[in-house]
There are 2 protein chains.
Amino acid sequence: MSRPREFDVEEVLDKAVETFWSKGYEATSIQDLVENMGIHRGSLYAAFGDKQRLFLTVLDRYRKVVVRKLLDILDTDASGKAAIRHFFATVIEHVITGGPLRGCLVTNSAVERGLSDPDTAKKVSLCVAQLEDGFYKALLRDQSTCELDNQRDLRALARYLTCNLQGLLVIGKIRSDPLQALE
Amino acid sequence: MSRPREFDVEEVLDKAVETFWSKGYEATSIQDLVENMGIHRGSLYAAFGDKQRLFLTVLDRYRKVVVRKLLDILDTDASGKAAIRHFFATVIEHVITGGPLRGCLVTNSAVERGLSDPDTAKKVSLCVAQLEDGFYKALLRDQSTCELDNQRDLRALARYLTCNLQGLLVIGKIRSDPLQALE
DNA sequence: ATCATTCTTGACTATTTGGTCTAGAATGTC
DNA sequence: GACATTCTAGACCAAATAGTCAAGAATGAT
């Protein structure tokens, strides 16, 4: 009935993820997005709305792709301890090899925009809550197999791990040699 | 010999600290600074140079005032454990009562500008290194009084605490109820 | 093949950005 | 009090910003 889009939405969205991830929200101009996404201004606005809406869509995409992949590591048959160990090893690998120390889009967005934009804050909170829940469920497995003391407050432990994760992602942006930051 | 400044440099610098702290580098316009610092455009440029140089000066000021105050907590006669406990209690209090969840200027700057501006990265690294060293020295006290096992790698422990601090500051920006984030 | 639809394209606009400059006022020294 | 100096004040500028729009091209349904 009409002319179809010439670009793949998810494909260019991934380019937008990369751009915001590397530069942050404020430092990314529409021009940057146009160039990196490889589509023209008009198409961008037609397909994704304004910068703010695109950014929120980008956050969703990041959660569905990057965060999801991490959550899958925790959601396994292995022991919680092993899963959590694997999780952090992957994050560190991710931070190290993810090109120029760009950290994590969620963490970056929390710090840069969490205060000024409630919509961003909400999406960031969702990601963080999902991670915390992933830790919690992993810990629960260990408690059910008596690998973990029944008295331990798993919610507190999960929050503790989430906090450590955020710290690691910040340190990862500071230290050029991330191995130094490890232990 | 010449007309003296009508404003106190440190006083208006503190206003600049507040502004960058609350809004971040990119989101802060010269106009914001002019309004918040209460001096006029020309005076601002004459006294502090351009935006980038002002920001670096602001980082120094923050380190000398805010970070210094925190370091003093660690540098005490009390046991390392007590000092570190006091330290984190203060940080949390600081994050909670510091107005609208603005976190820590160093952490914020690390995330927002660490990648794109080497000068900022350097100043951020200095702050983080100072904090790590503060932890290290506190731990060293406990090792000398045999409160802490001689076998422990204090440098690793200090880095671990530094990482936790960063995580706490990020979580503090996300959670509207910081007590939730505590344990 | 025609037509309605929706795409792409790039020029366009109003606003805001960081930064400069000139004019005039206030000061300390002589 | 006169002068050199350095302040304040705010108009000014070029460039970049986010976002719009109109014209033409490509498509699918008929």
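In this text, all values refer to a predicted model and were calculated from it rather than measured experimentally.
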Nearest-Å distance for atom pair [atom1]/[atom2], residues [X] and [N]:
X	N	atom1	atom2	answer
Leu33(B)	dT16(C)	CG	P	17 Å
Glu35(A)	dT9(C)	CD	P	15 Å
Phe7(A)	dT8(C)	CZ	C1'	10 Å

request  = Could you tell me which residues satisfy side-chain contact (heavy atoms from CB on, under 4.5 Å) with Ala89(A), sequence neighbours excluded, listed by chain and number?
outcome  = none
request  = Output every pair passing salt bridge (charged side-chain N to carboxylate O under 4.0 Å, His left out) with a member in residues 28-43 of chain B, not counting sequence neighbours, ordered by first then second residue.
outcome  = Lys23(B)-Asp32(B)
Sequence neighbours excluded, which residues qualify as salt bridge (charged side-chain N to carboxylate O under 4.0 Å, His left out) partners of [X]?
X	value
Glu11(A)	none
Arg63(B)	Asp60(B)
Arg53(A)	none

Filtered N/O pairs between nucleotides 9-18 of chain D and protein, under 3.5 Å:
| from | atom 1 | to | atom 2 | distance (Å) |
| --- | --- | --- | --- | --- |
| dA9(D) | OP2 | His40(B) | NE2 | 3.0 |
| dA18(D) | OP1 | Lys51(A) | NZ | 3.1 |
| dA18(D) | OP2 | Ile30(A) | N | 2.8 |
| dA18(D) | N7 | Arg41(A) | NH2 | 3.1 |

ask   = Taking all atoms of both residues into account, what is the closest heavy-atom pair of Leu154(A) and Leu139(A), and its distance?
value = O-CD1, 3.8 Å
query = What pairs of residues pass the ring pair (Phe, Tyr, Trp, His ring centres under 6.0 Å) test when at least one of them lies in residues 49-68 of chain A, not counting sequence neighbours?
reply = Phe20(A)-Phe55(A), Trp21(A)-Tyr62(A), Tyr25(A)-Phe55(A)
query = Could you give all pairs that pass the ring pair (Phe, Tyr, Trp, His ring centres under 6.0 Å) test and reach residues 105-136 of chain A, with sequence neighbours left out?
reply = Phe87(A)-Phe135(A), Phe88(A)-Phe135(A)
task = Return one dot-bracket line describing DNA chain C 5' to 3' (Watson-Crick or G-U wobble pairs, both distances under 3.5 Å; ( ) same strand, [ ] crossing, | another strand, . none).
result = ||||||||||||||||||||||||||||||
